[in-house]
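Nothing here was measured: the structure is a model prediction, and the numbers come from that model. Below, chains carry the letters A, B, ... as their sequence lines are ordered, and counting in each starts from 1.
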Amino acid sequence: MIELTFYAAAAIAVIATAMVVTCPHPVHALLYLVLSLLAVATVFFTLGAPFAGVLEVIVYAGAIMVLFVFVVMMLNLGRRTVEQELRWLAPGAAVGPALLAGVLLYLLLRNLWGLDAAPVGLQTVGAKAIGVALYGPYLLAVELASMLLLAGLVAAYHLGKPEA
Amino acid sequence: MNAIQFDATQFGAMLPMGVLSATIVAVMLGIAVRRCHRVTAALSMLGAALALVCALPIWLGGTGPVVVTPLLTIDPQAGFYMLLVLAAVLGVLALCPAYFAGYAGDREEIYLLILLGGLGGLTLAGASHAATLFIGIELLSLPMVAGVAYAIHDRRALEGGVKYLALSAGASATLLFGLALIYAGIGRLDLGALAAALAGAGADTPLVLMGGAMLIAGLAFKLSLAPFHQWTPDVYEAAPAPVAASLATVVKVGVFAVVLRLLHAGGGTAAAPFVNVLVVLALASILIGSVLALRQDNLKRLLAYSSITHFGFLLIILVAPGAGTSAVAAIYLLTYVVTALGVFGAIALASSPAGARDRELLGDYRGLFQQRPWVVAALTLMLVSLAGIPVTAGFIGKFSVLVLGVAAGQWLLVGGLLVGSAIGLFYYLRVIGALYAAPPSGSPAPVATGATVAVRWSAGAVMVLLAVLLTLAIGVYPEPLLQLLRP
């Protein structure tokens, strides 16, 4: 069962990502992007990495949802854009993502009530193990990643400044 | 669970990175308190110089490799590449004050970006784990994206920045996928195991073969080897001259340091399929780089093609087995860094007050000799060195690689090197010809008064002068350097 979940979630991730790339409307593409991230999170869960899965849902899917809202807000400029938004968010657009998400949900529920839910990977890596690894052998990687974030911050600050 | 602890040796080994990180934080706080271009520049250069001093004992000390957690292994080779990266960072920083003096927007962030890129280079020099490899490469590329697009309101800069961002992210993703495939095959992430897997790859390890191919593609992009070179001329052209210098020196030295650890660990070569791929990459880089440079009228684009060709030459080292080859790589990269810094430095000096556009078209240089004789003289020497003409550092580097290629019997690549050098001679001399040509008729005649001919002293001018002296010193009397680099 868990193998089936793994393969189905992986397939959904690939399909959804392909739709992200090919969708002409940014809003539709974002819908598929959220779904793709949820599918990847499911893959993490089936592989026995619940922490990575949770992070994927909170950070990526959550942040993308925020981005989604921002896009809608920024496009909300007048009557014409409101109509355009309504067209974009027509119920028909949600059918594809909803169908794929439904498959994910079904698999998730089946696994929740299933008896043996051993991960596909050899072991489950919990949050504690990740914390120990990050502040043990990978300490310097954490420090360097903070410098990388700083680089991104400086770059974004400089490039995002309005013209003087 | 015990907390991780470092002893004094490990702290010493990490000192260059620590000093550079502290400098970054100090510079950032300094900018936050008060924007002052000169103070920022001075502080950045001071920090980089301090880190350079801290890296010296690692290289000269000759102690065995110091393992600092599984992520970093600092040995004398790492020390040498740290020195080279820091020297390049210092050279690039020296160019900035004069170059950005007339820039209308905020001038201070460029120092932060260059220092952050330098930290990425240091990380790569000491990397011994896939995690540090990846973070190092990202830390090297990400600040450069902002550096290329620094004058963001200029359309060209924006275009170059977007190109570099998208393509470099694609290359990083390829590299990461390759690492993941190799990890799936061997179950380990330390570079020693990765290098061993790449050296022993064959038809029975398809995951390693495929992962290795993607890894090489990702790294080849960062080194701008053909056929992954298309971004190079556009980005070099769009970037401000100091950032282009950083792309040509800091980024490439850092990536090559880690390539040596991956594909040339302990003087061995990678498995036969990878060696064939490297030979093709090298030949393609040499030929494509030389041929495309032939009719190029933009000096920065020409230098981009020239750097593609130069790293094609350098790949000979990766396919030639033997313990001494690492020393040849060190010599070649040292001469390349000195020359590249000199040539971009001269361009920066020639164009800094010019404003929106660098002085980059060959037409812009016509008649410059009458106005800025010293800059043109330095530029000439650097171009001669890039061409690999004797009495300059470039000759020593190229000659060592040639000797190595002959000794290893890589006749195809040796032939490529000779053909590439011959073509190179033509296009470098074409530039030199333009430098000394009479100014185009119709432009106002230059007035050779004392004020214009006099040297305009700045940190950048000192750096170019040092590069000139070093190029001549290495070219005329290379023996001490060769002694120092040969273990």
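With a 4.5 angstrom heavy-atom cutoff, B/Ala131 touches chain A only via side-chain atoms. Contact annotation for B/Ile110: neither backbone nor side-chain heavy atoms come within less than 4.5 Å of a heavy atom of chain A. Looking at B/Leu139, both its backbone and its side chain come within 4.5 Å of chain A, counting heavy atoms on both sides. Proximity to chain B is limited to the side chain of A/Tyr157, based on heavy atoms less than 4.5 angstrom apart.
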Set out, in order, the CA-CA distance, both residues' side-chain angles and the distance that settles side-chain contact (heavy atoms from CB on, under 4.5 Å) for B/His153 and A/Lys161, then state yes or no. CA-CA 10 Å; B/His153 301 296; A/Lys161 248 181 304 201; 5.8 Å; no
May I have the step-by-step check of side-chain contact (heavy atoms from CB on, under 4.5 Å) for B/Met14 and A/Leu140, ending in yes or no? CA-CA 10 Å; B/Met14 281 194 295; A/Leu140 289 177; 3.8 Å; yes
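Listed options B/Leu116, B/Ile152, B/Thr69 were ranked by heavy-atom pairs under 4.5 angstrom with chain A; first place goes to B/Leu116.
Atom CG of residue B/Leu71 and atom CD of residue A/Glu143 lie 11.5 Å apart, to the nearest 0.5 angstrom. To the nearest 0.5 Å, atoms CG (A/Leu144) and CD (B/Glu138) are separated by 12.5 Å. If you take CE on A/Met147 and CG on B/Leu115, they are separated by 9.0 Å, rounding to the nearest 0.5 Å.
Within a 6.0 Å sphere centred on CZ of B/Phe6, heavy atoms belonging to other residues, nucleotides or ligands number more than 12. In the displayed structure, A/Tyr60 atom OH is contacted under 6.0 Å by at most 12 heavy atoms of other residues, nucleotides or ligands.
For the pair B/Ile24 and A/Leu150, the minimum side-chain heavy-atom distance is below 4.5 Å.
Ring pair A/His158/B/Tyr150 is parallel by interplanar angle, where below 30° counts as parallel and above 60° as perpendicular.
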